[in-house]
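Note on naming: letters A, B, ... go to the chains in the order of the sequence lines (proteins, then strands), and numbering restarts at 1 for each one.
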Amino acid sequence: MAKEYNFREIEKKWHQRWIEQQTYHVTEDATRPKFYVLNMFPYPSGAGLHVGHPLGYIASDIYARYKRLQGFNVLNPMGYDAYGLPAEQYAIKTGQHPEKTTFANIDRYREQLDKIGFSFDWDREVRTCTPNYYKWTQWAFQKMYNSYFDEELQKAQPIEKLIEKFKAEGTWPADEKEQSELLMQYRLAYLGETMVNWCPALGTVLANDEVVNGVSERGGYPVEQKKMRQWCLRVSAYSQRLLDGLETIQWSESIKETQKNWIGRSEGTEVEIKVLDSDVDFTIFTTRADTMFGVTFFVLAPESELVDKVTTPDQRAAVDEYIKYVKSRTERERMIDHTVTGVFSGAYGINPITGDKCPIYVAEYVLAGYGTGAIMAVPAHDSRDYAFAKHFNLPIIPLVEGADVSEESYDAKEGIVMNSPISPDKSVNYDGESLNLNGKTIKEAIAETKRFVKAHNLGRVKVNYRLRDAIFSRQRYWGEPFPVYYKNGIPQMIPEECLPIELPQVDKFLPTETGEPPLGNATKWAWDEKNKKIVENSLIDEKNIFPIELYTMPGFAGSSAYYLRYMDPHNNEALVSENAASYWQNVDLYVGGSEHATGHLIYSRFWNKFLFDLGVSKKDEPFQKLINQGMIQGWSSFVYRLRNTNKFVSFDLLEEKYDDAKKKNLYYYQGTEADPVYADISMVNGNVLDVEKIRQWTPEFRDGEFILNQNGQYIVSQAIEKMSKSKYNVVNPDDICENYGADTLRLYEMFLGPIEQSKPWDVAGIDGCFRFLKKFWGLAQNILNNQSTQNNPTAEEMKALHKLIKKVTADIEEFSYNTSISAFMVAVNELSQLKCANRTILEQMVVLIAPFCPHIAEDLWEALGHQTSVCDAHWPVFDEKYLVESMVKMPVQFNGKVRFTLELPVDMPKEDVEKAALESPDAAKYLEGQQIVKTVVVPGRIINIVIKPL
RNA sequence: GCCCAGAUGGUGGAAUUGGUAGACACGAGGGACUUAAAAUCCCUUGGCCUAACAGCCGUACGGGUUCGAGUCCCGUUCCGGGCACCA
């Protein structure tokens, strides 16, 4: 009697066995090559795992298991990004300590993850909020504080070197405060008085990547610009290295492109501009040095310090008023509204190339934070300058032959230069040379102008980056505390041997009444410098006892170097030991969402490059290959409530109108507008709502009146959206494990489509994967129960097997798991048809499927008489000879006919191909007793002979 | 506006990278087994025209290169992602 496929029993058995035998425990092993597979670790949210989470974990687990079968020593760890806003907000609401909820969520995650059968080495788990982990986050911060970026060496150096340099130059100030201020301009972690994104609703500052379209990424609250003293990381120092590094790693083009845009390198020229009748001068930055002859005005950013110096007394009032207006506008308003505004400063700048005096304006379209905060305006060839010139009626000088600038500017960087100069006397002579660009291409003209500017000391060639330094402090409780105290307002690092500085207990997680961050609520948060310990605030005397920093670190602090900690998670002496770092090097395969392109993936690369400069990390780039798994979306369902009533109307009864102003459809029922309300997907079958179920769901529906369509059904509308608790469209993996088993879940998630693609979750296809596993199990049972001693696989069996080995191996390497699963389905069908009874074939099949379906593989492996785990088997090696032994490929049945393919020499003429094919002994076998319906010859390659029985 | 990636049956998606378009799966239809259902197995399933064989048309749209194009080139439309007053 063949055993049934009882996945519940099988999976339970092997989950236990894996724990008992420590199957996934990894240690450094110099005799084997390493392979490091990593998933972006999750933030443990209260909603638990949904079916989208495991997608990346399954994909990487398959690869990890595959690599292990190939003989690699594979590190495949998992942990938790445990600091986060939701836990803190929950704490504010309930008073429940964030650690408590976070740990409860982690337990739930772990339980769910364990069901899916991952090969994680849980001994290496990290949680960013535990002191033995964040000790090293604090440590790295202190190292950054004590380092600067040496432009010449292009790497971080100890700050002492810089002090020595200043001393040698004689520029080292005697005053301690001045020393601190000077060094702050160089430290990689520094206190900076900068414009920050301040979010009043969240009560904290945000990094640039945390602000989307002028509102906070989390919650969508307004964000304003505010000048504050904050900890910052000098990420911008590494701009060039971050850019160069992209060339050395295997990431998708689109994500590299996103990072390139974010870093925003632009090569240009800085030119010094003298202000007429004044000793003030300023610098402008341009990438279009060729357009110097077309400058008709200059523009300063409203926030620029130059505005004050340049403004003439008679324009003072107008300028002040304009600045006031600019300050009143939020970041969001400035982003959406691009109407031309500006004011004349009263001053004139002298164009060093033409000698012309041009008015200096102040306008908000010039940004203070980029370049020098001052530009030269060339209205003919820049659309923004053009709009400004038209508005203020300023001259426009075209510089490119054939360019029509009567209606719009000509921004393209193509064409032949003219009017440069417009007449010989319009080009200033420097040391006997004056610039003439006429007749040159724009490219040549840029190069020539750069040379000229440099040669005559009018400015310099300069590379600018858009990448800004990262704001590194947050006014929150649930984050890493800074190991910093203040002595007379000067920051001091708490000695390294005293780390970690543990997050203090507070009774309230809100800011204090005086507006201090939540850590201001701590009563024991002062530093005893002499005794090197944390003491009560009340003891602060500014002599021996000093206040400790109240800010905490942002979310990306703990997630920036976690991959290094996995290498050596229990080490108390170092972030990672020399030995472990040398062995594991860096992550070979990193799997995670592309939404981290300008956040985590930049910070992590920066952090790693810094640690690389320190010699702690062994590779300049942390993640060699990156795969971005797509999002699994959910089907959200909506019911429609008539406005200001408790009536819900079936979707097909509603009238649809498009609203131009809101750019969306509005719905009406007998003239009353109906508003969509989320309905939980568990209450919807197809697109029909279970009215009784929804009545029991929440009070708002209980007494609702449901207006049904003529079939007596309530139809919902559906939309594909991101899976989220608040959209009530979450599908949970536990139910699938319960009903089909983890192996089916793993198979199905991979079978859904290419990993990198986003797709809506749809259970419809899951039966196909489940059926396949049952078939495979059935085939295996037949083989295992076969008593015959003959043990030689037939040529056909070997062909089916090796076709599979070839396909699966190639597909796994390319992460094309869906097609390799198809190949399995074909192979199992073929072997079933061949009535395969061979244990060797089965054995190899089991190894091939082990990465995908580890539970069933383990069970069959054991049934085949093996004592060890299938994880320690060897990946089958493909052998060409089983495929080319015959010229005839496996015949394919279709439409009641049989089709087969012959491979023939490439350069054989068409007629000969046909003749050779029909006469070949291989074909003869198949052609006997058959009628040839049709032959199709693909020149020089393949011939298809379609046959049917006579 | 700029940059990137896409568009293939009723559906999810294959196609050895220029060589039989639609693998595999879902769904649908038909059949077998069964008292019945579930489960399982077999057949059909891009469109048109056919009793059937055969034939014609088909990879968003319009051109082009090629013996041969889903794949390469030019143009258009649509969807997704990133950046967005960055000089």
Side-chain angles (χ1 to χ4, degrees), chain A residues 4 212-213 252-266 268-269 284-289 291 299 301 334-340 363-378 381-385 387-388 411 464-468 594-595 597-598 628 630-631 747-748 751-754 756-772 774-775 778 806-807 810-811 816 818-827 829 832 892-896 899 901 906 910 931 933-946 948:
Chain A
E4 287 224 348
V212 178
N213 291 330
S252 74
E253 282 310 312
S254 66
I255 213 151
K256 282 195 203 177
E257 197 64 34
T258 303
Q259 290 212 341
K260 277 182 201 165
N261 286 343
W262 191 258
I263 296 166
R265 181 185 207 270
S266 74
T269 314
I284 57 96
F285 174 77
T286 180
T287 55
R288 291 293 301 273
T291 58
V299 188
R334 254 176 102 160
M335 277 172 93
I336 294 168
D337 174 21
H338 283 185
T339 37
V340 177
E364 61 176 338
Y365 85 89
V366 173
L367 304 176
Y370 184 75
T372 57
I375 63 150
M376 63 178 209
V378 186
H381 302 291
D382 183 285
S383 52
R384 297 154 299 179
D385 297 344
F388 195 84
D411 291 17
N464 259 328
Y465 300 91
R466 222 185 36 163
L467 184 67
R468 316 262 177 99
S594 57
E595 67 272 22
T598 54
N628 300 116
M631 218 172 10
L747 216 48
Y748 183 58
F751 188 66
L752 221 45
E756 312 220 48
Q757 213 164 315
S758 288
K759 54 238 152 184
W761 178 258
D762 181 7
V763 270
I766 201 160
D767 283 317
C769 290
F770 189 53
R771 254 173 239 160
F772 160 72
K774 281 196 285 191
K775 273 186 210 166
K806 186 183 180 185
K807 180 80 179 147
D811 283 352
S816 179
N818 55 335
T819 53
S820 48
I821 293 166
S822 295
F824 270 113
M825 293 175 173
V826 172
N829 273 337
S832 300
V892 180
Q893 279 205 335
F894 78 116
N895 290 5
R899 183 177 68 193
T901 308
V906 177
K910 189 177 169 176
Q931 183 195 346
V933 176
K934 194 167 122 183
T935 62
V936 179
V937 177
V938 176
R941 258 195 68 128
I942 289 172
I943 179 164
N944 296 295
I945 303 175
V946 182
K948 66 170 187 182

May I ask you to verify if any side-chain N or O of A:S266 is less than 4.0 angstrom from the OP1 or OP2 atom of B:rA87?
yes
What is the distance, rounded to the nearest whole Å, between atom CZ of A:F772 and atom C1' of B:rA39?
19 Å
Heavy atoms under 4.0 Å, any strand shown: does A:I375 hit a base, just sugar-phosphate, or nothing?
base
What's A:R468 touching, base or sugar-phosphate or nothing? Going by heavy atoms closer than 4.0 Å.
base
note: A:Y465, atom OH; B:rC83, atom P; distance rounded to Å ~ 20 Å
Could you identify the nucleotide paired to B:rC67, looking across every strand shown and requiring Watson-Crick or G-U wobble geometry with both distances under 3.5 Å?
B:rG19
Given B:rC41, B:rC24, B:rA87, which nucleotide is nearest the side-chain atoms of A:D382?
B:rA87
What's the CE-P distance between A:M825 and B:rC24, to the nearest Å?
11 Å
Measure from CG on A:N261 to P on B:rA5 and round the result to the nearest Å.
12 Å
Have a look at A:K260 and say if it touches a base, only the backbone sugar-phosphate, or nothing, with a 4.0 Å heavy-atom cut-off.
nothing
Figure out the NZ/C1' separation between A:K807 and B:rU16, and round it to whole Å.
8 Å
Is the phosphate of B:rA39 approached by A:R771 (side-chain N or O, under 4.0 Å from OP1 or OP2)?
no
Identify the nucleotide, in any strand shown, that forms a Watson-Crick or G-U wobble pair with B:rC2, with both distances under 3.5 Å; if there is none, say none.
B:rG82
Does A:K256 reach a base, just sugar-phosphate, or nothing at all? Heavy atoms under 4.0 Å.
nothing
Who is the Watson-Crick or G-U wobble partner of B:rC26, with both distances under 3.5 Å?
B:rG10
Presence of A:Y370 side-chain N/O under 4.0 Å of B:rA87 phosphate oxygens OP1/OP2
yes
Please walk me through it: do A:Y465 and A:W262 pass ring-ring contact (aromatic ring centres under 6.0 Å, His included)?
CA-CA 9 Å; A:Y465 300 91; A:W262 191 258; over 10 Å; no
Rounding to the closest angstrom, what is the interatomic distance between B:rA25 and B:rC41 at atom P?
11 Å
With heavy atoms under 4.0 Å as the rule, sort A:V378 into base, sugar-phosphate or nothing.
nothing
Step by step, would you call A:Y365 with A:T339 a side chain to side chain donor-acceptor pair (under 3.5 Å)?
CA-CA 9 Å; A:Y365 85 89; A:T339 37; over 6 Å; no
Check the phosphate of B:rA14 against A:N818, side-chain N and O only, distance under 4.0 Å to OP1 or OP2. Yes or no?
yes
Rounded distance in Å - CG (A:L752) to C1' (B:rA14):
15 Å
Has A:S816 got a side-chain atom pairing as donor or acceptor with A:D811's backbone, closer than 3.5 angstrom?
no
Rounded to whole angstroms, how far apart are CG on A:D762 and P on B:rG27?
10 Å
Suppose you measure atom C1' in B:rC49 against the same atom in B:rC57; what distance do you get, rounded to whole Å?
11 Å
Sidechain-backbone polar pair: A:Q259 side chain, A:T598 backbone, donor-acceptor under 3.5 Å
no
Mind running side chain to side chain donor-acceptor pair (under 3.5 Å) on A:T819 and A:S822 for me, showing each step along the way?
CA-CA 5 Å; A:T819 53; A:S822 295; over 6 Å; no
Closest-nucleotide mapping onto RNA chain B: is A:E257 or A:D385 further toward the 5' terminus? I mean the 5' end.
A:E257
What does A:P754 touch in the nucleic acid at a heavy-atom separation under 4.0 angstrom: a base, only the sugar-phosphate, or nothing?
sugar-phosphate
B:rA54 to B:rU40 separation - P atoms, rounded to the nearest Å:
34 Å
For the P atoms, the ones on B:rG62 and on B:rU77, what distance do you get once it is rounded to whole angstrom?
15 Å
Separation between the C1' atoms of B:rG18 and B:rU59, rounded to whole Å:
15 Å
Of B:rC83, B:rA14, B:rA87, the nucleotide closest to the side chain of A:T819 is B:rA14
Would you mind classifying the nucleic acid contact of A:E253 as base, sugar-phosphate or nothing, using non-hydrogen atoms under 4.0 angstrom?
nothing
Distance-only, no hydrogens or angles: does the A:D385 side chain make a donor-acceptor pair with backbone N or O of A:V378 under 3.5 Å?
yes
